[in-house]
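Working notes, structure below.
Remember, it's a predicted structure, so these values are computed and weren't measured experimentally. Below, chains carry the letters A, B, ... as their sequence lines are ordered, and counting in each starts from 1. Scope of the values below: all heavy atoms of this structure, side chains included, with no hydrogens, waters or symmetry mates.
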Amino acid sequence: MSEPNRQITARDRLEASDALGPRVVAARVDGRVVDLHTPLAEGAREVAPVDVDDPAALPLIRHSSAHVMADAVQRLFPGTKVAFGPATDQGFYYDYDRPGGSFTEEDLRAIEEKMLEIIEADRPFRREEVTREQAREILQALDEPYKLEHLERLEPPISVYRHGDWVDLCEGPHVPSTGFLKAVKLTSVAGAYWRGDERNPMLQRIYGTAFASPKALRAHLKQLEEAKKRDHRKLGKELELIAFHPLSPASPFFLPRGAAVYNRLVEYIRDLYVQHGYQEVITPQIFDQSLFVTSGHLPGYAENMFMAATAEDMERAAERFAGQSAEALGDKSREGWATELSGTLRFGIKPMNCPSHCLMFGMSHHSYRDLPMRLADFGRLHRFERSGVVQGLTRVRTFAQDDAHIFCTLDQVQGEITAFLDLVYRVYQDFGFEDIRLVLATRPDDRLGGDDVWDRAERALEDAIRAKQLPYEIAEGEGAFYGPKIELHLKDAIGRSWQLATIQADFNLPERFELSYVGEDNHAHRPVMLHRAILGSVERFFGVLTEHVGGAFPTWLAPEQVAVLTVSEKFNAYAEEVVALCASRGLRAVANTSSDKLGAKIRAARLMRVPYLAIVGGREVEGRGLSLRSRDEDKDLGFMPLDEVVARLENEALPPSSRTR
RNA sequence: GCUGGCGUAGCUCAAUUGGCAGAGCACCUGUUUUGUAAACAGGCGGCUGUGGGUUCGAGUCCCACCGCCAGCUCCA
């Protein structure tokens, strides 16, 4: 049947081996996913079908959906130019330059309808390999300036894809035809810079998502709903944990219930410090600017720093400007003014703890015998984050880290990393995070220090990971300019990934602060500094943990561990007695002594996710006990004598790794 | 910071084309004294984010600012 000079395609091969069912969207040729209709490369051996619901098909479905969307958009809004339109983890998007401006919700609906028409028409996707000149002609005819710009950056082979009469510069692969798109939904519209650079013009990005089947799409939308329910901003408000006020934007208030959890987190880490040879310190909030010049935060980090102006500074500024002629003042550029003004400020508010720890280390002489010196600090940090980037507790302007800096010799680095990893795994296990990914970020192009030092530092980090026999990935060139780092990424209960813990080696700050210790050889040596945090920022961790547990904090962290609910006001005195007993044993208990019915009290306590409910009525008073109901087991545990209840709670009030049973 | 959306009682949300600012929950008072997810009645509660404008009249339309949300860029 085949034409004489037609090349063999994956479709031909699959047909020949009777493997081409209606559900096949592409082929895996020697491990690479390609279109069914694309001629096979010379020497292609293994050709296997890719089914619609194969995970490898998803990017094709989504990328093809992006093409169909762009087609629909250009039909509905002539003159709109297209930029990039890739598949993503969550779906796909396409960037547009629309003369009339942005897209509305109604536009999205209209585009979706037009997409359905294109999908129903079942147009085949066709790939064509073209020369740069041919591609240029096609794109010029279409008047697509963004595509033309992109074309010049491409290396051959250059290909275009068509479905119907719509054509796009594209590498592929795609599904065989538009009819294979069974479940597509446009989700939102947002601005995005051309090539992701904020100096470039802003384009309109339309996001969508697509799946192999409507069922899979529904499941995805359901999961988004679930995520919304767990959002720490929503739960934080509902559970009276945190609040925000416009007068201090991006700065959380921890309400009594939230502060209880927050303090528990800090207390927990603090207990570990005692066991792991850390010394906690307390350092100032505000420093003379020159500290940050020494550390390099000024001018490097200046736009993220809050500066503190005093009345004296204001007077000094007034004096300085008063002494200048009108012409001199008028001549000054905006930058000139900013420099002039910042020159009159004396103090800056710390955005990180490291500079003050360097100061502290430098205050006295140290012997090699003092090392490693581990200085921990829960100091409050302030960073001015741009208004658009702040978010709930995960990106704030004031926060504390479970921060520590370890001053040690290069030889001690590996041991310190090993100990740190042990600690991190223990902590994450206590919080119920199980899916942890290790990433080693290595030397960036722009870096400080010689290759020999980097070699040793990277090897120390890698050896430590290997010694623990942990799987890890390497992120080439992703390290900080002052040293390599290990990042720990964890997945929460709904599959989102967070980078919280990190440990990084720093050769820069000890140099800048001229830190030294006296070695065995009686000579001065430069220590290595390790920056490390387990929770990261306590605020961010709080947010991630809240979502991970869906607001149901385990007993050892819960703001209230047990709610004592009276059946009637007759039993209030006994309830108060129980609360006092719990308090005397360090347990957090509250009594609900209102005139509500028991059912209402149970409902209220359950809504607040209290781990244990203790019912108090005639039977309990008589037997000197409580009827306990467990949130996590979701059942009535029945009557228990007081001492048994207290013993149970006392055990659960400890972090899992500290429990005796 | 940029693009787009949103801002009504402590919370969740109503209010027709511009035409008297409302409900439920919470809170307070009273009645009820309760046994495993919401007893009943009454009451309090508003500069509709802020400031300007258009209009006989603005929660609603326009402008500016503040804040929040989704992205982009940047990050613990």
Side-chain angles (χ1 to χ4, degrees), chain A residues 88 90 93 95-96 98 101-105 107-108 187-207 228 231 233-234 237-238 240 243-250 301 303-304 351-353 381 383-403 487 498-502 504 531-544 565-572 593-608 613-620 627-630 634-639:
Chain A
T88 66
Q90 295 284 305
Y93 65 80
D95 287 344
Y96 305 99
R98 182 185 173 193
S102 168
F103 296 96
T104 64
E105 292 288 319
D107 291 341
L108 246 55
T187 50
S188 63
V189 54
Y193 301 104
W194 166 235
R195 291 192 180 284
D197 189 329
E198 61 184 329
R199 290 164 301 190
N200 285 339
M202 184 162 270
L203 307 172
Q204 297 304 319
R205 174 171 296 178
I206 299 180
Y207 282 91
K228 232 182 200 169
D231 190 316
R233 292 167 297 190
K234 182 177 150 71
K237 193 191 274 188
E238 283 172 6
E240 294 167 25
F244 288 88
H245 195 280
L247 291 183
S248 187
Y301 200 71
E303 62 181 30
N304 281 299
M352 298 180 190
N353 290 311
L381 306 176
R383 298 183 189 173
F384 181 74
E385 301 288 354
R386 301 204 289 178
S387 62
V389 307
V390 298
Q391 204 220 27
L393 287 178
T394 50
R395 192 80 180 270
V396 292
R397 290 189 177 143
T398 172
F399 61 101
Q401 296 174 314
D402 61 330
D403 199 8
E487 300 169 352
W498 298 92
Q499 189 223 302
L500 300 167
T502 177
Q504 31 194 291
H531 306 245
R532 40 106 294 160
I534 304 168
L535 307 182
S537 108
V538 183
E539 277 72 4
R540 179 177 284 183
F541 190 84
F542 188 113
V544 172
L565 314 178
T566 51
V567 168
S568 102
E569 284 170 291
K570 283 180 284 196
F571 311 111
N572 283 357
T593 53
S594 77
S595 66
D596 285 341
K597 292 180 71 169
L598 181 61
K601 295 184 185 184
I602 288 175
R603 179 180 144 82
R606 289 185 67 146
L607 285 175
M608 294 311 258
L613 309 188
I615 314 300
V616 165
R619 295 199 287 274
E620 288 73 19
S627 285
L628 215 56
R629 172 185 260 285
S630 154
D634 194 25
K635 68 172 185 194
D636 188 351
L637 302 176
F639 179 87

Quiz item: Under 4.0 Å between a side-chain N/O of A:R395 and OP1 or OP2 of B:rC68, yes or no?
Solution: no
Quiz item: Starting at the 5' end of RNA chain B and moving along, which residue's nearest nucleotide shows up first, A:A192 or A:S594?
Solution: A:S594
Practice problem: For nucleotides B:rC62 and B:rG43, find the distance between their C1' atoms and express it as a whole number of Å. | Solution: 41 Å
Self-check item: Nearest-Å distance once atom P is located in both B:rC11 and B:rA26
Solution: 15 Å
Exercise. Tell whether A:E385 reaches the base of B:rA76 with its side chain through a donor-acceptor pair below 3.5 angstrom.
Key: yes
Quiz item: So, does the side chain of A:E620 form a donor-acceptor pair with the base of B:rG35 at under 3.5 Å?
Solution: yes
Practice problem: State whether the distance check finds a donor on one side and an acceptor on the other, under 3.5 Å, for side chain A:R540 versus base B:rC75. | Solution: yes
Quiz item: Contact class for A:Q391 vs. all strands (heavy atom < 4.0 Å): base, sugar-phosphate, or nothing?
Solution: sugar-phosphate
Quiz item: Expressed in whole Å, how much space separates the C1' atoms belonging to B:rG19 and B:rC61?
Solution: 15 Å
Self-check item: Euclidean distance, atom CD of residue A:E198 to atom P of B:rG71 [Å, nearest integer]
Solution: 18 Å
Practice problem: Could you tell me whether A:T104 contacts a base, only the sugar-phosphate backbone, or nothing, with contacts defined as non-hydrogen atoms closer than 4.0 Å? | Solution: nothing
Exercise. Using the salt bridge (Lys or Arg N to Asp or Glu O under 4.0 Å) rule, take A:D634 and A:R606 through it: C-alpha gap first, then chi angles, then the decisive distance, then the call.
Key: CA-CA 10 Å; A:D634 194 25; A:R606 289 185 67 146; 3.1 Å; yes
Quiz prompt | C1' spacing across the pair B:rC47 / B:rG52, given as an integer number of angstrom | solution = 15 Å
Exercise. Calculate the interatomic distance between A:L247 atom CG and B:rU50 atom P; express it in whole Å.
Key: 13 Å
Exercise. Report the nucleotide, chosen from B:rC72, B:rU36, B:rA76, that has the shortest atom-to-atom distance to any side-chain atom of A:Q499.
Key: B:rA76
Self-check item: For atom CG of A:D231 and atom C1' of B:rC68, their distance in whole Å
Solution: 12 Å
Quiz prompt | Selection from B:rA70, B:rG35, B:rA76 that lies nearest to any side-chain heavy atom of A:I615 | solution = B:rG35
Quiz item: Do any N or O atoms from the side chain of A:K570 and from the backbone of A:G618 form a donor-acceptor pair under 3.5 angstrom?
Solution: no
Quiz prompt | Closest to side chain of A:A190, choosing from B:rG67, B:rA70, B:rU32 | solution = B:rA70
Quiz prompt | Nearest-neighbour nucleotide for the A:K570 side chain, B:rC72, B:rA70, B:rU33 considered | solution = B:rU33
Exercise. Sticking with atom C1', work out how far B:rU32 lies from B:rA39, rounded to a whole angstrom.
Key: 7 Å
Practice problem: Could I get the full list of salt bridge (Lys or Arg N to Asp or Glu O under 4.0 Å) partners for A:D636, not counting sequence neighbours? | Solution: none
Quiz item: RNA chain B: A:K601 or A:V390, which has the more 5' nearest nucleotide?
Solution: A:K601
Quiz item: Quick one: the side chain of A:R199 and the base of B:rC2, do they pair up donor-acceptor inside 3.5 Å?
Solution: no
Self-check item: Distance, P atom - from B:rU60 to B:rU8, rounded to whole angstrom
Solution: 13 Å
Quiz prompt | Beyond-backbone contact of A:I615 with A:I602, side-chain heavy atoms, under 4.5 angstrom | solution = yes
Quiz item: When all nucleic acid strands are considered with a 4.0 Å heavy-atom cut-off, which category describes A:A614: base, sugar-phosphate, or nothing?
Solution: nothing
Quiz item: Using a cut-off of 4.0 Å on non-hydrogen atoms, how would the nucleic acid contact of A:R233 be classed: base, sugar-phosphate, or nothing?
Solution: sugar-phosphate
Exercise. Counting heavy atoms from C-beta on, name the nucleotide in B:rC72, B:rU73, B:rA76 closest to the side chain of A:V396.
Key: B:rA76
Quiz item: Which part of the nucleic acid does A:V567 contact within heavy-atom distance under 4.0 Å: base, sugar-phosphate only, or nothing?
Solution: base
Exercise. Using the C1' atom on both, measure B:rC44 against B:rC28 and round to a whole Å.
Key: 7 Å
Quiz item: In whole angstrom, what separates A:H245's NE2 from B:rC68's P?
Solution: 11 Å
Practice problem: Take A:L637 and A:K635 through the test side chain to side chain contact (heavy atoms under 4.5 Å, CB included) and record every step on the way to the result. | Solution: CA-CA 6 Å; A:L637 302 176; A:K635 68 172 185 194; 3.7 Å; yes
Quiz prompt | Which nucleotide in B:rA70, B:rU36, B:rC72 has an atom nearest any side-chain atom of A:V389 | solution = B:rC72
Practice problem: Tell whether A:R386 reaches the base of B:rU73 with its side chain through a donor-acceptor pair below 3.5 angstrom. | Solution: yes
Exercise. Provide, to the nearest angstrom, the distance between the CG atom belonging to A:D596 and the C1' atom belonging to B:rC28.
Key: 14 Å
Quiz item: Hey, does the side chain of A:R603 come within less than 4.0 Å of B:rU36's phosphate (OP1/OP2), counting only N and O?
Solution: no
Self-check item: B:rG22 versus B:rU16 - spacing of their C1' atoms, nearest Å
Solution: 15 Å
Exercise. Send over the distance from A:L628 CG to B:rG35 C1', rounded to a whole Å.
Key: 15 Å
Quiz item: Stem ranges for RNA chain B, with three or more consecutive Watson-Crick or G-U pairs under 3.5 Å?
Solution: B:1-7 with B:66-72, B:10-13 with B:22-25, B:27-31 with B:39-43, B:49-53 with B:61-65
Practice problem: Quick one: label A:E569 by what it contacts on the DNA or RNA (base, sugar-phosphate, nothing), any heavy atom closer than 4.0 Å. | Solution: base
Quiz item: What's the verdict on salt bridge (Lys or Arg N to Asp or Glu O under 4.0 Å) for A:R383 and A:E539, showing C-alpha distance, side-chain angles and the deciding distance?
Solution: CA-CA 13 Å; A:R383 298 183 189 173; A:E539 277 72 4; over 6 Å; no
Quiz item: Touch check for A:G599, heavy atoms < 4.0 angstrom, all strands: base, sugar-phosphate only, or nothing?
Solution: sugar-phosphate
Quiz item: Salt-bridged, A:D197 to A:R199, with N to O below 4.0 Å?
Solution: yes
Practice problem: Output the single nucleotide from B:rU34, B:rA76, B:rC72 whose closest atom is nearest the side chain of A:Y193. | Solution: B:rC72
Quiz item: To the nearest Å, how far apart are A:F103 CZ and B:rG5 C1'?
Solution: 16 Å
Self-check item: Sole candidate of A:Q391, A:R395, A:R397 that passes side-chain hydrogen bond (donor to acceptor under 3.5 Å, both in side chains) when paired with A:E385
Solution: A:R395
Exercise. Pick base, sugar-phosphate or nothing for A:F399, based on heavy-atom distances below 4.0 Å to the nucleic acid.
Key: base
Quiz item: Between B:rG71, B:rC75, B:rA70, which nucleotide gets closest to the side-chain atoms of A:M202?
Solution: B:rG71
Quiz prompt | Sugar-phosphate, base or nothing in reach of A:G617, heavy atoms under 4.0 Å | solution = base
Practice problem: With the side chain of A:Q204 defined as its heavy atoms from C-beta on, choose the nearest nucleotide among B:rA39, B:rU3, B:rA37. | Solution: B:rU3
Quiz prompt | Flag if over 12 foreign heavy atoms under 6.0 Å of CD, A:E105 | solution = no
Could you run down the sub-3.5 Å N/O contacts of the protein with nucleotides 12-17 of chain B?
unit_1, atom_1, unit_2, atom_2, d
B:rU12, OP1, A:K237, NZ, 3.2

Quiz item: Between A:F103 and A:R98, is there a cation-pi geometry (under 6.0 Å to ring centre, at most 45° from the normal)?
Solution: yes
Practice problem: Would you kindly give the NZ-to-P distance between A:K597 and B:rU32, to the nearest whole Å? | Solution: 15 Å
Quiz item: Picking from B:rU33, B:rG1, B:rA76, which would you name as closest to the side chain of A:S387?
Solution: B:rG1
